[in-house]
Amino acid sequence: MAVDTSTRKSAAPAPAPGKTARRRSSVALKLFMAVTGLLLVAFLYVHMIGNLKIFFGAETFDHYAHWLRTIGTPLLPEAWYLYIQRAVLTVAVVGHIVAATILARRARLARPVKYAHRPKVQGSYAARTMRWGGVIVLLFVIYHILDLTTLTLNPHGVSGEVYRNVAEDFAPGRWYVTLFYTLSIVAVGFHLRHGLWSAVRTFGLQSPRGELYARATALVLSLVLVVGYLSVPFAVLVGLVD
Ligand code: HEM
């Protein structure tokens with residue numbers, strides 16, 4: 001009797017339709033996290049480069065801050081570009097957090113057995129670092145906006161005098177503010193390093209050599225950002241900017 005081999009091949013159980021849809025939506029969420037993350041990294045780089053203009057003196061720095069409010073004019077009314085940027089950044093940050101929470105919940109539910117003593121594996125360590133790092137970065141951004149945008153917590157707090165606002169903020173007597181910024185910016189660096197690395201790994205990194213390059217790139221990009229940002233408060237602390 002002839003045997004239909006094609007039927008035998010397709011006899012393996014097909015994945016449940018619900019599972020396939022869930023896997024697809026998890027990939028979409030990871031893609032969304034990568035896109036919003038890259039947008040935030042682009043903002044971080046542009047903001048860091050802008051901050052370095054403080055080394056060219058008060059006039060240049062204040063002029064730069066004023067220019068930020070005029071981007072898009074006369075097509076857009078003054079400061080509209082800033083409001084659009086704020087809206088986009090807020091959507092990106094909130095979306096990034098929501099997607100991370102959904103993915104973390106799915107990963108937890110997918111674990112077949114709950115251990116009485118959770119093994120200290122590298123993955124869970126990185127996940128915890130990302131979660132707490134993310135919380136620190138979020139708290140920092142809220143403080144930072146109250147400090148240098150709304151000027152509510154700034155010791156100088158004069159709108160338009162951005163150089164003085166920064167210089168007074170990181171004056172040596174306020175070392176605790178510099179310490180808080182340092183810890184937060186290092187947390188930004190760690191978050192970014194792991195985020196970049198896991199985005200690359202999720203989206204098709206194959207070879208060990210590629211893995212090495214991706215790790216090195218993530219490390220360098222994060223280090224440049226941390227050093228660039230920290231150069232400002234430390235320059236004020238040692239009197240290079242006053
Ligand atoms: C020591 C490092 C930093 C300095 C000196 C600094 C400086 C400033 C200043 C002067 C402003 C107000 C700009 C203006 O009103 O013209 C500002 C706004 C802002 N900074 Fe920073 N910044 C630093 C680090 C960071 C970091 C690490 C982040 C994000 C994680 C960040 C996110 C923002 C945001 C979201 C705004 C509000 C922009 C807006 O007005 O729409 N900054 N920063």
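Only a predicted model underlies this, so the values are computations on that prediction, with no experimental measurement involved. All ligand and atom numbering here is 1-based and tracks the order in the structure. Note that the numbering runs from 1 along the sequence shown for the chain.
Taking every heavy atom of both residues into account, Asn165 and Gly157 meet most closely at OD1-N, 3.1 Å. For the residue pair Leu76 and Tyr81, the shortest heavy atom distance occurs at CD1-N, 4.2 Å. Residues Val166 and Ile54 share a closest heavy-atom pair of CG1-CD1, 3.6 Å. The shortest heavy-atom contact between Pro155 and Glu168 is CG-O, 3.6 Å.
The nearest heavy-atom contact from the protein to atom 12 (C) of ligand 1 is Leu148 O, 3.3 Å. The protein atom (non-hydrogen) at minimum distance from atom 24 (C) of ligand 1 is Tyr229 CE2, 3.3 Å. Nearest protein neighbour of atom 29 (C) of ligand 1, counting heavy atoms only, is Leu44 CD2, 3.5 Å. Distance from atom 36 (C) of ligand 1 to its nearest protein heavy atom, with residue and atom name: Thr149 OG1, 4.1 Å. Scanning the protein heavy atoms around atom 3 (C) of ligand 1, the nearest turns out to be Asn51 ND2, 3.4 Å. Looking from atom 27 (C) of ligand 1 to the surrounding protein, the closest heavy atom is Phe140 CE2, 3.5 Å. At the top of the distance list for atom 34 (C) of ligand 1, counting protein heavy atoms only, stands Phe43 CZ, 3.8 Å.
Defined by atom type and a distance below 3.5 Å, a donor-acceptor pair is present between the side-chain atoms of Ser25 and Arg106.
Compare His47, Arg86, Arg69 by their heavy atoms: the one nearest to atom 14 (C) of ligand 1 is in Arg69. Taking all heavy atoms of His144, Met48, His66, Gln85 into account, the minimum distance to atom 25 (C) of ligand 1 is reached by His144.
For the side-chain contact (heavy atoms from CB on, under 4.5 Å) criterion with Leu40, the lone passing option out of Val93, Val137, Val188, Leu192 is Val93.
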Please tabulate, one pair per line, all N/O donor-acceptor pairs under 3.5 Å involving side-chain atoms of residues 56-67, not counting sequence neighbours.
| unit_1 | atom_1 | unit_2 | atom_2 | d |
| --- | --- | --- | --- | --- |
| Thr60 | OG1 | Phe56 | O | 3.3 |
| Asp62 | OD1 | Val162 | N | 3.1 |
| Asp62 | OD1 | Tyr163 | N | 2.8 |

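Taking the six-membered ring where tryptophan is involved, the planes of His144 and His47 are tilted, since the angle between them lies from 30° to 60°.
Contact annotation for Val141 and ligand 1: only side-chain heavy atoms (C-beta onward) come within less than 4.0 Å of the ligand. By the criterion of a heavy-atom distance under 4.0 Å, neither the backbone nor the side chain of Leu230 is placed next to ligand 1. At a heavy-atom cutoff of 4.0 Å, ligand 1 is contacted by the side chain of Val162 but not by its backbone. Residue-level proximity to ligand 1 for Asn165 is absent, since no heavy atom of it falls below 4.0 angstrom.
Close approach of ligand 1 to Ala65 is summarised as follows: ligand atoms under 4.0 Å from at least one heavy atom of the residue are 16 (O). Interface atoms of ligand 1 facing Pro233, defined by a heavy-atom separation under 4.0 Å, are 1 (C).
The cationic group of Arg86 lies under 6.0 Å from the six-membered ring centre of Tyr83 and within 45° of the ring axis, placing it in a cation-pi geometry.
In this structure, Leu89 CG and Ile84 CD1 are separated by 12.0 Å, a value rounded to the nearest 0.5 Å.
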